[in-house]
There are 2 protein chains.
Amino acid sequence: MAKGNKRLSIAHLAQELGLSASTISRALNNAPDVSEATKAQVWTLAEKLHYQPNGLAAALRRGRSNVLGVIVPHITGAFFPAVVHGMEEEASKEGFNVMICQTNEEVAREKKQVEVLLKGQVDGILVAMSKTTYDFAHFERVRSKNIPLVFFDRMPNLANACAVVSDDYRGAYQAVEHLIKQGCRRIAHMAGHQTVSTTHNRYRAYRDALAAHGLPYKEELVIHLPNPSTEAGAQAMTTLLQQPVWPDAVFTAYDFPAVGALEVLDARGIRVPEDIALVGYSDEPFTTMLKPRLTSVDQRAKQMGEAVIQLFLQLLKRPGYGTGQRITLKPQLLIRESSLQKKIFVEKNE
Amino acid sequence: MAKGNKRLSIAHLAQELGLSASTISRALNNAPDVSEATKAQVWTLAEKLHYQPNGLAAALRRGRSNVLGVIVPHITGAFFPAVVHGMEEEASKEGFNVMICQTNEEVAREKKQVEVLLKGQVDGILVAMSKTTYDFAHFERVRSKNIPLVFFDRMPNLANACAVVSDDYRGAYQAVEHLIKQGCRRIAHMAGHQTVSTTHNRYRAYRDALAAHGLPYKEELVIHLPNPSTEAGAQAMTTLLQQPVWPDAVFTAYDFPAVGALEVLDARGIRVPEDIALVGYSDEPFTTMLKPRLTSVDQRAKQMGEAVIQLFLQLLKRPGYGTGQRITLKPQLLIRESSLQKKIFVEKNE
DNA sequence: GTGAAAGCGCTAACAA
DNA sequence: TTGTTAGCGCTTTCAC
């Protein structure tokens, strides 16, 4: 914020031109009821003096900041940055700016970020909850203030929550079904946090797809990852390989662990996909850098971001919001070498 | 921003407690000259009523928003997110919030973002310029308003600019020298945009390192990448392989093109590092997922973010800023298989 | 330790 | 088409 030489305000322009402050304000905002001549006058002077409107004052007065708060667990990996990118593009069309906050997957930080955004008088809050969010008091507060609240990616266990999600169940189901069609019969799963809707749905789909194809569900084939890292994947793969009978495929709830699994398999001379097929989730850019290239599921990140803004705009306009609107995006299975036991390489829809 | 039921303000609390607005304000800000009894009273009521201070009003009155604007070209890849992360951590310690804006490497968007931040009355602007930024009028405006301005990563051609950069010259020099020590004599370079200080310095270091070791500089061994993508790297590698004599090493100005190069080499059955050694730059997480693992240079992203905030805080306190402070961070060469022709694998300092 | 009053810079009735 | 007036919610002298 300015410090030195006294700030240049609308009042100065008014005085300089012998007009009133309101006229200056109107002219600057290009209001229809100001004469073109006056506008021109005001604009040139503003330009000349490098006048900078004070958005804070305008926001305070208008009761609207035109800032949207976005809360994400992190911006590592490709997914959240892409979502945010979609949001920014869509939001800027409507004159909104986006303020990004990271929680590092910690509820404590999430609560603090909500406070910060509320205090900053944002016009809406868009959130992908942290992994450790079990109570929703901080979100209830947002709603009680009638501030539009849209969840994305991760679905909260909260009545009437508005949300944009990817159909993880569907994506995972297709992935597992694909493995089954490849002839895999003993499919393992590296599961994510079960409190998070996305990874829970991937797990459910895994179970259901097996059942639908008459394959037994085996406890020992499901490893719960402590986190979505390469290391966790390597550890999990090692555990799987300690079992008397090996799986013939592994479906991981994220891409990073698949990389760890691949490394372990590689080190042990186990061939992918011939001996064990591999499917990840997220379609991180590195999936095509691996050998073999990793089959994965595209979550439509950018589209998600755009949809979130659209939903927010609806909420802003309509009176009865918080009425539980949902937008579900279709993910897309991208079949690559790591899961093609038949060795017919088809890059689907890329 | 709130809409429905009239906003709860300090005035309401004051009325409720039979105190004045100023006392409430002081109590909420934990001012020393308010009795503990009153504070307790105020705090409990505020809590009970879910009072939410209006940061906009406070900022307007105080002339300080406690928001920092950060402008980055993008948040894809690992580098900028890590820098931003460092910034957020450091800034939040001092009560500042960070507003992130992307430019997509377009000056036009950069200029717009500067406007937006200025209008939002941020207390400082931290910027990694876009690739296409040649004129600096928009930054001069920031400085003329006495708003602290810190550049990072990419150094502007602007007198007295404050900046935090990584010593790209040094990092690249070490990389090339390492290749020379491995016995490489015909080292190619895939160069980045030469208007950007970072990649320009990597190129200069490449030339200088060659010269220092008595190796000739050959035009045909330098390919200028149109962008830092895998595809561009693949294209460049193809071009290099069309030459009668092949290089025995390639130093790429970023990591992504190295992946493209690797793919092409792989496809042609050219061994890395035995036939051609490869070194990238940035230490993206995927470098260790490649086969062979890619030698690269760590740019100390998080540290950079922290340093930027520290420099900003100095600027905020001291009167004579814009006096061209510079902080230079030492990058670190991470030697991996892709450049070890001697096949002695040493993971340095990891 | 607390209150009264002024004002940050802007916008929006309402008047003229 | 323009001006007058009031006030968004807060902080901060200056009094008492």
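The model shown is predicted, which means the values in this text are computed figures rather than measured ones. Numbers restart at 1 for each chain; the letters A, B, ... are given by sequence-line order, proteins then strands.
Dense packing is recorded around CD of A:E140, with more than 12 heavy atoms of other residues, nucleotides or ligands lying under 6.0 Å away. By the 6.0 Å contact criterion, NZ on B:K112 is open, its count of non-hydrogen atoms from other residues, nucleotides or ligands being 12 or less.
When the side-chain nitrogen and oxygen atoms of B:S22 are compared with OP1 and OP2 of C:dG3, none of them lie within a distance under 4.0 Å. An OP1 or OP2 oxygen of C:dT11 is reached within less than 4.0 angstrom by a side-chain nitrogen or oxygen of A:S25. In this model, the phosphate group of D:dT2 is approached by a side-chain N or O of A:S35 to a distance below 4.0 Å at OP1 or OP2. Using a 4.0 Å cut-off, some side-chain N or O of A:S20 falls inside it from OP1 or OP2 of D:dG3. Look at A:N29 and you'll find a side-chain N or O under 4.0 angstrom from OP1 or OP2 of C:dT11.
When all heavy atoms of B:E105 and B:K131 are compared, the closest pair comes out as OE1-N, 2.7 Å. In terms of heavy atoms, B:F312 sits closest to B:D123 at CE1-O, 3.4 Å.
Residue A:R61 places no side-chain atom within donor-acceptor reach of the base of D:dG9, judged by atom type and a 3.5 Å distance cut-off alone.
For the pair B:L28 CG and D:dC10 P, the computed distance is 8 Å after rounding to whole Å. What separates CG of B:N66 from P of D:dC10 is a distance of 16 Å, to the nearest Å. One interatomic measurement links the two molecules: CD1 of B:I10 to P of C:dG3, which rounds to 13 Å at whole-angstrom precision. Summarising the geometry, the separation between OH on A:Y51 and C1' on C:dC10 is reported as 7 Å, rounded to the nearest angstrom. Whole-Å rounding puts the B:R26 CZ to D:dT13 P distance at 11 Å. The distance from atom CG of A:L56 to atom P of D:dT11 is 13 Å, rounded to the nearest whole Å. If you measure from atom CG of A:D33 to atom P of C:dA15, you get 17 Å, rounded to the nearest angstrom. Atom CZ of A:R64 is separated from atom P of C:dG9 by 24 Å (rounded to the nearest Å).
Minimum atom distance to the side chain of B:T38 is reached by C:dT2, of the listed C:dT11, D:dT2, C:dT2. Of all nucleotides listed (C:dG9, D:dG9, C:dG3), C:dG9 comes nearest to the side chain of A:A57. For B:L60, counting side-chain heavy atoms from C-beta on, the closest listed nucleotide (C:dA12, C:dT2, C:dC8) is C:dC8.
Of the N and O atoms on the side chains of B:K39 and B:N30, at least one donor lies less than 3.5 Å from an acceptor on the other residue.
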